[in-house]
Amino acid sequence: MNKNAALVIFSGGQDSTTCLFWAKKHFDTVRALSFLYGQKHSKEVELARAIARKADVEFEVMDVSFIGSLGRNSLVDTSIDMDNEKPADSVPNTFVPGRNLFFLSIAAVHARELNINHLVTGVSQTDFSGYPDCRDAFIKSLNVTLNLAMDEQFVLHTPLMWLDKSETWEMADNLGVLDLVRNETLTCYNGIPGDGCGHCPACHLRNEGLHKYLERKKCAGNCTK
Ligand code: ZN
């Protein structure tokens with residue numbers, strides 16, 4: 001196993017782009033893997049490819065579009081309007097059931113072929129949108145399962161797990177890529193890169209976090225309360 005190599009599950013969004021540059025700081029060799037899962041906005045893969053080129057990392061795309069067709073959700077089905085907030089009694093309809101389970105499992109098999117045992121994913125429990133597969137307990141459990149399944153010592157890294165969105169922006173800034181993340185990533189559920197449409201749940205979270213971070217930065221050392 002190449003102990004200094006990592007495979008980043010990379011969508012070209014704010015979180016995974018921050019993780020890509022985090023990985024570049026911590027590992028000698030970094031590769032990025034994107035998935036096509038039937039998402040409405042497949043141009044996110046082209047943006048991801050462009051970012052990976054800038055980051056000078058190897059980039060691959062895998063077509064796993066069967067995942068999107070297994071369960072009904074608004075990210076792949078144009079006939080469903082997106083939930084703007086989490087319903088009280090269920091997950092939002094932007095939830096793609098099994099997505100992180102499949103992504104990480106496929107990534108682990110692929111990493112094994114490449115002699116890589118470090119996997120990096122941008123999931124976060126803090127801004128938990130009601131997605132059960134973004135929780136730390138799920139990641140830890142899957143890590144054990146992957147090791148048992150393949151008799152390997154995979155390490156799943158989740159650098160954003162306990163950060164809120166403003167702290168994720170701060171990490172991007174500390175890594176020297178705040179402008180790149182702000183202008184070139186796609187997080188918006190309506191497929192608009194950069195600051196996005198401004199009104200979907202993903203834009204709300206992203207833009208509120210950015211505002212909060214920039215306020216904090218502006219204030220640093222000067223604010224009395
Ligand atoms: Zn949006």
Side-chain angles (χ1 to χ4, degrees), residues 8-21 32 34-52 54-55 61 65 67-69 71-88 90-97 99-100 103 121-134 159-161 163-173 175 177-217:
V8 180
I9 289 106
F10 182 56
S11 69
Q14 177 192 356
D15 294 342
S16 65
T17 300
T18 305
C19 285
L20 186 73
F21 286 92
S34 278
F35 291 106
L36 284 171
Y37 61 94
Q39 60 270 57
K40 289 173 194 168
H41 306 296
S42 52
K43 80 173 165 202
E44 74 182 43
V45 172
E46 292 320 306
L47 292 168
R49 188 189 304 280
I51 294 166
K54 271 198 184 169
V61 184
S65 37
I67 293 171
S69 61
R72 248 169 83 80
N73 69 83
S74 62
L75 290 192
V76 299
D77 188 337
T78 47
S79 70
I80 309 176
D81 287 333
M82 268 180 298
D83 280 334
N84 277 318
E85 51 194 51
K86 183 184 177 322
S90 67
V91 295
N93 65 16
T94 48
F95 177 56
V96 182
R99 179 168 53 178
N100 284 331
F103 283 7
T121 172
V123 297
S124 167
Q125 177 156 336
T126 313
D127 278 328
F128 178 49
S129 315
Y131 297 167
D133 59 355
C134 289
L160 312 183
M161 183 58 80
L163 304 185
D164 69 16
K165 271 285 181 278
S166 78
E167 293 164 325
T168 300
W169 282 110
E170 186 171 351
M171 181 186 279
D173 201 10
L175 291 164
V177 291
L178 185 113
D179 287 342
L180 183 151
V181 172
R182 180 167 185 181
N183 299 321
E184 297 177 37
T185 64
L186 170 63
T187 307
C188 174
Y189 286 151
N190 290 310
I192 301 167
D195 289 341
C197 74
H199 53 76
C200 75
C203 280
H204 270 301
L205 200 59
R206 172 178 164 133
N207 295 340
E208 262 174 40
L210 179 61
H211 181 71
K212 193 170 149 195
Y213 170 59
L214 293 177
E215 282 296 305
R216 196 161 68 226
K217 187 179 177 182

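Keep in mind that what you see is a predicted model, and the values were worked out from it rather than measured. Below, each value reflects all heavy atoms present in this structure, side chains not excepted, and no hydrogens, waters or symmetry copies. Both counts, for ligands and for their atoms, begin at 1 and track the order of listing.
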- Task: Please work out the angle at the Zn ion (ligand 1) defined by atom SG of Cys203 on one side and atom SG of Cys200 on the other, rounded to 10°.
- Result: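 Result: 100°, to 10°.
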Is there a donor-acceptor pair under 3.5 Å between the side chain of [X] and the backbone N or O of [Y]?
| X | Y | result |
| --- | --- | --- |
| Glu167 | Asp164 | yes |
| Arg206 | Arg182 | yes |
| Ser34 | Phe10 | yes |
| Ser16 | Gly122 | no |

- For the Zn ion (ligand 1), decide whether His204 has an N, O or S atom at a distance under 2.8 Å.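 It does not: His204 brings no N, O or S atom closer than 2.8 Å to the Zn ion (ligand 1).
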- Closer than 2.8 Å to the Zn ion (ligand 1), do we get an N, O or S atom from Cys188, backbone or side chain?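 So Cys188 does bind the Zn ion (ligand 1) by this criterion.
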